Amino acid sequence: MIRALIIDDEESGWEVLTELILLKHPEISLLPAAETVEDAVASIDKYQPELVFLDIRLGQDNGFEILQKTTFKNFHVIFVTAYSEYALQAIKASALDYLLKPVNIEELQKAINRFKNIKSRIDQEEAFQTVAQKLAEGLPKGEKITLLTNSGYELVAVKDILYLIADHNYCKVYLKDKTEKLVTRTLGSFVDQLEKQGFLRIHKSHIVNLDQVTVYIPGNGGQVKMSNGHRLEVSRRRKKEVLDLLNVRTGHPAD
């Protein structure tokens with residue numbers, strides 16, 4: 001079952017949406033509807049739904065506040081609203097879809113099916129990671145990492161990785177032998193695993209092997225030059241951490 005939550009301050013609004021959803025999607029389990037920002041935040045944090053149908057106007061409040069206030073963030077959002085002017089803001093909030101009231105049932109089905117396709121891919125990725133973990137059992141800890149690519153599972157030596165770059169819901173792994181691997185994992189999913197092994201996320205879009213950094217180039221955030229000659233941006237908020245770590249590793253100031 002898919003846990004879902006409707007957030008709408010008008011009873012008629014969430015009742016109609018409930019009927020439309022259950023009519024075609026019995027696999028969706030709807031939590032009690034929330035009518036205020038406070039109730040919505042509490043419900044999301046407590047029940048951790050996978051899918052949220054969110055209205056924009058909730059009394060005097062704005063539905064976008066909910067996305068900022070929840071502790072639990074791992075859910076997808078379909079906006080269902082009478083206001084067309086918030087579509088761009090919804091896109092920036094990574095909304096799955098933006099449906100205008102009165103809701104067209106075909107458009108609703110398309111949005112839900114889009115979510116189901118994403119969920120299927122995520123479930124598959126989690127299953128792959130379980131298998132990958134089993135494949136890696138018995139290997140000396142930290143020596144190799146399992147990457148799921150279009151070719152299957154590949155075991156790669158951690159020391160041979162130069163850097164990783166985000167590519168939407170995937171990432172590219174660049175290796176010493178000048179090859180690159182497109183991996184079906186997000187960049188963020190590598191952080192905990194690799195930062196314990198001499199890597200650092202220097203920007204929201206990339207993680208680098210600090211042993212493969214050859215030069216720090218000063219600037220607003222600056223850049224690092226990698227052993228293959230490629231330059232990567234350093235975010236301003238990461239600059240001090242990068243310099244501190246490079247100083248430790250090189251024994252002298254990096255800039």
Side-chain angles (χ1 to χ4, degrees), residues 74 94 117-118 120-255:
N74 192 24
S94 300
N117 289 336
I118 292 173
S120 176
R121 191 184 71 228
I122 292 172
D123 289 345
Q124 184 182 47
E125 181 176 334
E126 289 177 350
F128 285 156
Q129 294 307 320
T130 299
V131 173
Q133 195 170 14
K134 291 181 178 179
L135 284 174
E137 286 176 1
L139 292 171
K141 187 176 180 180
E143 283 194 7
K144 290 192 176 182
I145 188 171
T146 308
L147 304 178
L148 177 61
T149 69
N150 290 333
S151 302
Y153 298 103
E154 298 186 34
L155 291 173
V156 173
V158 173
K159 64 181 178 60
D160 289 338
I161 298 175
L162 300 179
Y163 49 88
L164 302 86
I165 294 181
D167 188 0
H168 301 289
N169 288 323
Y170 299 82
C171 74
K172 292 180 180 178
V173 180
Y174 292 79
L175 304 174
K176 284 183 183 178
D177 64 4
K178 298 183 180 181
T179 61
E180 62 182 75
K181 309 286 185 183
L182 181 63
V183 181
T184 55
R185 284 176 64 180
T186 61
L187 186 72
S189 70
F190 282 100
V191 173
D192 288 342
Q193 185 177 11
L194 291 178
E195 286 199 341
K196 298 172 184 176
Q197 301 181 58
F199 286 72
L200 180 66
R201 189 170 191 168
I202 64 171
H203 188 280
K204 67 179 181 180
S205 299
H206 34 265
I207 299 171
V208 301
N209 182 344
L210 291 170
D211 283 335
Q212 298 301 318
V213 175
T214 60
V215 178
Y216 171 78
I217 303 166
N220 191 14
Q223 295 179 324
V224 292
K225 185 175 181 181
M226 305 303 297
S227 59
N228 64 351
H230 191 75
R231 295 184 179 188
L232 296 170
E233 296 290 330
V234 177
S235 68
R236 284 186 296 174
R237 69 184 187 88
R238 287 285 191 172
K239 179 177 180 178
K240 184 179 185 304
E241 186 177 4
V242 170
L243 291 176
D244 288 346
L245 284 170
L246 290 178
N247 287 346
V248 168
R249 301 174 81 84
T250 62
H252 55 77
D255 62 346

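The structure presented is a predicted model; accordingly, all values stated were derived computationally and were not measured. Values reported hereafter were calculated over all heavy atoms of this structure, with side chains retained and with hydrogens, waters and symmetry mates removed.
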- line: For E241, the side chain to side chain contact (heavy atoms under 4.5 Å, CB included) test, sequence neighbours excluded, returns L200, R238, L245
- prompt: Which value, rounded to the nearest 0.5 Å, describes the distance between Y170 atom OH and L182 atom CG?
  reply: 7.5 Å
task: First locate atom NZ of K239, then atom CG of L243, and finally report the distance between them rounded to the nearest 0.5 Å.
output: 6.5 Å
- line: Heavy-atom nearest pair, C171 first then A166, reads CB-CA, 4.2 Å
query: Do you know which two heavy atoms are closest between H203 and E233, and how far apart they sit?
result: CB-O, 3.6 Å
query: So how far is it from I202 CD1 to Y216 OH, rounded to the nearest 0.5 Å?
result: 9.5 Å
Residue pair R236 / N220: nearest heavy atoms and the distance that separates them: CD-OD1, 3.0 Å
task: State whether the number of non-hydrogen atoms from other residues, nucleotides or ligands found under 6.0 Å of K176 atom NZ is greater than 12.
output: yes
- prompt: Are side-chain heavy atoms of D160 and D177 found at a separation under 4.5 Å?
  reply: no
message: With heavy-atom distances below 4.5 Å as the criterion, would you say the side chains of Q212 and Y163 are in contact?
response: no
- request: Please lay out, stage by stage, how V173 and V156 fare under the test side chain to side chain contact (heavy atoms under 4.5 Å, CB included).
  value: CA-CA 10 Å; V173 180; V156 173; 5.8 Å; no
field: Pairwise distance CG(L147) to CG(L164) - rounded to 0.5 angstrom
entry: 8.0 Å
field: L162 side chain near N209 side chain, heavy-atom distance below 4.5 Å
entry: no
- prompt: Does the side chain of E154 reach to within under 4.5 Å of the side chain of V183, using non-hydrogen atoms?
  reply: no
field: Residue pair H206 / I165: nearest heavy atoms and the distance that separates them
entry: CB-CG1, 4.0 Å
message: I'd like to know if the side chain of Q197 reaches the main chain of Q193, judged simply by a donor and an acceptor atom lying under 3.5 Å from each other, with no hydrogens or angles considered.
response: yes
Gap between atom CE of M226 and atom CG of L232 - 0.5 Å precision: 6.0 Å
- request: Supply the atom-to-atom distance L210 CG to E195 CD, rounded to the nearest 0.5 angstrom.
  value: 9.0 Å
- request: Might you work through the side chain to side chain contact (heavy atoms under 4.5 Å, CB included) test for Y174 and K172, ending with a clear yes or no?
  value: CA-CA 6 Å; Y174 292 79; K172 292 180 180 178; 3.7 Å; yes
field: Close side-chain approach of T184 to T149, heavy-atom, < 4.5 Å
entry: no
query: Given the rule in the side chain to side chain contact (heavy atoms under 4.5 Å, CB included) test, do V208 and V242 qualify, once you have shown the distances and angles that lead to the verdict?
result: CA-CA 10 Å; V208 301; V242 170; over 6 Å; no
